[in-house]
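Take a look at the structure below.
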Amino acid sequence: SGLSTTNWSGAVESSPRPTTQACPAPHVCMDQSRCKQAWEAVSETYAEQRDPNGSDAALIDDLLDHCPPDPTVVDIGCGDGARTLANLPTGSVGIDFARAGLSMAAETVPDARLLQGEMTALPIADDIADGLTAYHAVFHVPREHHPAVYREFARVLQAGGMLLCTLPGGRFETTRRGWMGGSMFFSAPGRDRTLSQLETAGFEIVETPTATDPLGSNTEFVLAVYRG
């Protein structure tokens, strides 16, 4: 199937650290288990409705321009792989916690190395990646845990490694009913707080371009270098 959770040339930790995420606002929040179930339910619909092409995919060239030749690049929240992972170098790594998305990615990007895991405890060893992408992913984690997510991104990147991720402009925390025929949780602390959290985790902001997202809206992104 192309899926693996135990072996990636020695780079995968043999026992990924268990995590728990308390929900800071239970009336709007989903715990990890419910969010995973929600993604399992909507992954196929999301893949069908989103456009696999767009200017956000073109931003990957900017990331790769800052990476060494033949880089190791990890796509966090890869889903079906069509929008981001398919545009990364052959043999790149896709991580998602929804098995449905990984199963589609195995068909869409058969040369990718796929892992099931969570952003707060990535199943990858330290200092292994030259680049990391996280498109429309972090805002599905409660915002109080975003600093931990960015620390994980820093942990797996080598010094000088590049990060390209979505930069939410607003401050929000909500569960949207009827999203893709199901329900989905969204959470962000605001643009300035996100940039500050990245800098605290050791990232230097390179640029914040705007591009189209998979559902046809404009979204800001951040390209940053990990300084350690």
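Fair warning: this is a prediction, and the values are worked out from it, not measured in the lab.
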Is the Tyr150 ring parallel, tilted or perpendicular to the His146 ring (thresholds 30°, 60°)? perpendicular

Quick one: are Thr200 and Pro147 in side-chain contact, heavy atoms under 4.5 Å? no

Residue pair Asp126 / Arg155: nearest heavy atoms and the distance that separates them: OD1-NH1, 2.7 Å

Measure the CG-CE distance between Asp96 and Met119 for me, rounded to the nearest 0.5 Å. 8.0 Å

Any donor-acceptor pair under 3.5 Å linking the side chain of Arg143 with the backbone of Ser187? no

Does anything in residues 186-205 form a salt bridge (Lys or Arg N to Asp or Glu O under 4.0 Å)? List the pairs, not counting sequence neighbours. Arg191-Glu220, Glu204-Arg227

Which residue is it: Thr194, Ile76, Val222? I am looking for the one with a side chain to side chain contact (heavy atoms under 4.5 Å, CB included) to Cys165. Val222

Heavy-atom side-chain contact between Ile95 and Leu122 under 4.5 Å: yes

Between Ala105 and Gly81, which heavy-atom pair has the shortest distance, and what is it? CB-N, 4.2 Å

Can you list every salt bridge (Lys or Arg N to Asp or Glu O under 4.0 Å) pair that touches residues 68-78, not counting sequence neighbours? none

Leu102/Leu115 under side chain to side chain contact (heavy atoms under 4.5 Å, CB included): CA gap, chis, key distance, verdict: CA-CA 8 Å; Leu102 291 171; Leu115 302 170; over 6 Å; no

First locate atom CG of Leu223, then atom CG of Leu164, and finally report the distance between them rounded to the nearest 0.5 Å. 6.0 Å

Heavy-atom check, side chain of Val206 versus side chain of Asp62, under 4.5 Å: no

Within the 6.0 Å centroid threshold, strictly below: Tyr135 and Phe221: yes

Atom pair CG/CZ of Leu198 and Arg151 - distance to nearest 0.5 Å: 12.0 Å

Could you tell me the separation between the OG1 atom of Thr108 and the CG atom of Asp111, rounded to the nearest 0.5 Å? 12.0 Å

Between Asp127 and Gln158, the two heavy atoms sitting closest are O-CG, 3.2 Å

Does the side chain of Val73 reach to within under 4.5 Å of the side chain of Leu132, using non-hydrogen atoms? no

Within this structure, what is the OG1-CG distance for the pair Thr210 and Leu167, rounded to the nearest 0.5 Å? 8.5 Å

Does a side-chain heavy-atom distance below 4.5 Å link Phe203 with Phe153? yes

Sub-6.0 Å ring centroid separation between Phe97 and His140: no

Less than 4.5 Å apart, any side-chain heavy atom of His136 and any of Asp56? yes

Nearest atoms (heavy-atom pairs only) where Ser92 meets Leu85: CB-CD1, 4.1 Å

Are any non-hydrogen side-chain atoms of Leu64 and Pro71 less than 4.5 angstrom apart? yes

Any idea which heavy atoms bring Cys67 and Met162 closest together, and the distance? SG-CG, 4.3 Å

With a 4.5 Å heavy-atom cut-off, do Leu63 and Thr133 have their side chains touching? yes

Can you give me the closest heavy-atom contact between Glu152 and Thr120, atom names plus distance? CG-O, 3.4 Å

